[in-house]
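Written out below as structure tokens is the structure these notes cover.
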Amino acid sequence: MVFGLEKKEIKHVYKTSIIQQTAFWSEVKQQQGIASLAINFKVNKPSIFNGSPTGKSAYIETDVLILLQPIDNEHTIAYIPYGPEIEPHEENQGKFLEEFSESLRSYLPKNCITIRYDLAWQSQWATDPEHFDKYGNWNGPPEKRYQEFRLNISTQHWNLKKSNSDILPSNTIFLDLRKESKALLAAMKPKTRYNINLSGRKGVHIREVGLDKLDVWYALYRETAIRNNIHLNSIEYFRSVLKARAENSASPAEVQLLVAEVDGIPLAAMFLVLSNKRGTYLYGASSSIKRNYMATYALQWRAMQIAKSRGCEEYDFFGVSPRPDPAHPMYGLFKFKSGFGGNLHHRMGCWDYPLDQDRYILFKASEMKSQGYHL
């Protein structure tokens, strides 16, 4: 199925709307001390799409960005964020991942204990009527053993394991930016549209700032993290995102740090990343004061307008709860982001292909204690 793997220079990674599969993201991670490698590969179209080849070629040529994440002084995992981008038909996904994983072995460090795929592919249960309630809300996938059975059924070794948690958000909302601004506003919930207008009447102003104002962002971010009891990254983590560009590559990205203010007082801020045809709301933060000014609504609307003006065709809200469940820790984000319209997308999430079974068991046990994961 998969063949012709070849290591390539990071700067030649193909242009994509998936930020985490760009040379830009590799630059971000390099600044954070994490090495990466890029692999070019070809795959036979009929073997993954169950049909006769269309066009001039029977093969697809694409690539994948792999982050080599240390887990201790001796071992690493090969983490593939939202990749591979190519999405086989459901019945071929397990076989594809198995054969691709085995082909990757020789390109990875010998101390690599597992390949972790953070799959952006649509969940195999996202279109199954049995996994929706009577109101049309998704109930989520079944328990792990049933997920593993379904994905491994086409494999030879049954070696694909569902991770205990997902690193990147597995549920998001995509908004179609190809519509006119009036149509975008009309598709929003009335309260969201009202709050956008209210923020304007109250004098909320949005401006782009640079590295010299990173402390403004971090103060808002720290306040948000403490308020919501979430993992706190260092300011250097965000500095690396704002500094990275990879402009000499085939897959750069534009990063904007946007701040919403009233009378010079910062009320909210966000990182907007523009990559190919997608704008992504990567990180956000807000103050506990003057929340009735609805600065976060003004911020999102301005980010959408910027993305649209840069030629983006979609906007990724990057992380919500899988359904409107008040008990879910990301329910507040669901309520806020779904108000802008768009379509809910359920991803497959993290899957592991262990290369060292004994070390992998120890790794999974220790991982349960880690923080900062999206559930």
Side-chain angles (χ1 to χ4, degrees), residues 169 172-173 175 177 181 184-185 188-243 254-274 279-310 312 315-321 329-342 374:
T172 190
I173 293 174
L175 185 68
L177 292 179
S181 294
L184 289 174
L185 285 166
M188 295 178 188
K189 292 181 179 179
K191 185 176 181 181
T192 299
R193 190 165 54 246
Y194 174 83
N195 287 341
I196 290 173
N197 293 328
L198 178 63
S199 67
R201 294 196 300 270
K202 286 184 171 290
V204 175
H205 173 69
I206 311 297
R207 67 186 179 107
E208 182 184 357
V209 300
L211 278 168
D212 60 321
K213 297 296 183 183
L214 191 61
D215 59 327
V216 173
W217 151 263
Y218 199 73
L220 289 169
Y221 163 72
R222 176 185 285 274
E223 182 178 350
T224 302
I226 294 173
R227 183 173 67 236
N228 295 311
N229 193 30
I230 59 177
H231 177 68
L232 186 69
N233 286 309
S234 71
I235 192 171
E236 295 305 317
Y237 176 91
F238 297 104
R239 191 184 307 279
S240 66
V241 177
L242 200 55
K243 285 176 63 179
E254 179 183 352
V255 186
Q256 294 190 10
L257 177 54
L258 305 176
V259 178
E261 301 174 331
V262 169
D263 298 327
I265 302 173
L267 300 182
M270 66 171 282
F271 278 71
L272 170 66
V273 183
L274 308 173
T280 301
Y281 168 37
L282 196 58
Y283 309 112
S286 63
S287 173
S288 298
I289 66 170
K290 297 184 183 292
R291 297 184 71 83
N292 61 322
Y293 279 57
M294 303 300 168
T296 54
Y297 289 87
L299 199 59
Q300 288 299 317
W301 178 232
R302 180 58 185 147
M304 293 174 202
Q305 292 175 310
I306 291 172
K308 188 175 176 64
S309 71
R310 296 293 196 279
C312 293
Y315 187 80
D316 183 359
F317 279 97
F318 201 64
V320 294
S321 59
M330 297 180 74
Y331 172 64
L333 291 175
F334 180 94
K335 283 185 64 179
F336 172 66
K337 296 176 180 180
S338 63
F340 291 91
H374 294 269

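Residue indices begin at 1 and follow the sequence shown. Values below: all heavy atoms of this structure, side chains included; hydrogens, waters and symmetry mates excluded.
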Ala260 versus Val204, closest heavy-atom pair with distance: CB-CG1, 4.0 Å

Restricting to non-hydrogen atoms, name the atom on Ala269 and the atom on Leu220 that form the minimum distance, rounded to 0.1 Å. CB-CD1, 3.9 Å

For Phe317, ring-ring contact (aromatic ring centres under 6.0 Å, His included) partners two or more places apart: Tyr315, Phe340

Does Val255 form a side chain to side chain contact (heavy atoms under 4.5 Å, CB included) with Leu282? I'd like the steps, not just the answer. CA-CA 10 Å; Val255 186; Leu282 196 58; over 6 Å; no

Provide the closest heavy-atom pair for Leu274 versus Cys312 in the form atom of the first, atom of the second, distance. CD2-SG, 4.0 Å

Side-chain contact, heavy-atom cut-off 4.5 Å: Val259 with Lys213? no

Would Leu198 and Asn292 count as a side chain to side chain contact (heavy atoms under 4.5 Å, CB included) if you check the C-alpha gap in whole Å, the side-chain angles of each, and the deciding distance to 0.1 Å? CA-CA 9 Å; Leu198 178 63; Asn292 61 322; over 6 Å; no

Using the test ring-ring contact (aromatic ring centres under 6.0 Å, His included), find all partners of Phe238 that sit at least two apart in sequence or belong to another chain. Trp217, Tyr221, Phe271, Tyr283

Under the rule for side chain to side chain donor-acceptor pair (under 3.5 Å), what residues qualify as partners of Thr172, not counting sequence neighbours? Asp316

Pairing residues for Trp301 by the ring-ring contact (aromatic ring centres under 6.0 Å, His included) criterion, not counting sequence neighbours: none

Run Leu184 and Met304 through side chain to side chain contact (heavy atoms under 4.5 Å, CB included) and show every step you take. CA-CA 10 Å; Leu184 289 174; Met304 293 174 202; 5.5 Å; no

If you apply the rule side chain to side chain contact (heavy atoms under 4.5 Å, CB included), what do you find for Lys202 with Met294, and how did you get there? CA-CA 9 Å; Lys202 286 184 171 290; Met294 303 300 168; over 6 Å; no

What's the shortest heavy-atom distance between Met188 and Arg193, and which atoms? O-NH1, 3.0 Å

Taking all non-hydrogen atoms of both residues, which atom of Leu232 and which atom of Ala225 are closest, and how far apart? CD1-CB, 3.7 Å

Within a reach of under 6.0 Å around CG of Asp263, are more than 12 heavy atoms found that belong to other residues, nucleotides or ligands? no

Atom CD of Gln256 and atom CD1 of Ile306: how far apart are they, to the nearest 0.5 Å? 4.5 Å

Which value, rounded to the nearest 0.5 Å, describes the distance between Leu177 atom CG and Gln305 atom CD? 10.5 Å

Can you list everything that forms a side chain to side chain donor-acceptor pair (under 3.5 Å) with Ser181? Sequence neighbours excluded, please. none

CD/Gln300 to CG/Asn195 distance, rounded to the nearest 0.5 angstrom? 12.5 Å

Could you give the distance from CG (Leu175) to NZ (Lys308), rounded to the nearest 0.5 Å? 9.5 Å

Can you sort out the partners of Arg239 under salt bridge (charged side-chain N to carboxylate O under 4.0 Å, His left out), two or more places apart, ordered by chain and number? Glu236

Can you measure from CZ (Phe336) to OG1 (Thr296) and round to the nearest 0.5 angstrom? 4.0 Å

Return the minimal non-hydrogen interatomic distance between Ser287 and Arg227, and the atom names on each side. C-NH1, 3.9 Å

So, taking the atom named CG in Leu257 and the one named CD in Glu208, what distance separates them when rounded to the nearest 0.5 Å? 8.0 Å

Under a 4.5 Å cut-off applied to non-hydrogen side-chain atoms, are Leu214 and Leu242 in contact? yes

Heavy-atom count around Asn229 CG within 6.0 Å, excluding the residue itself: above 12? no

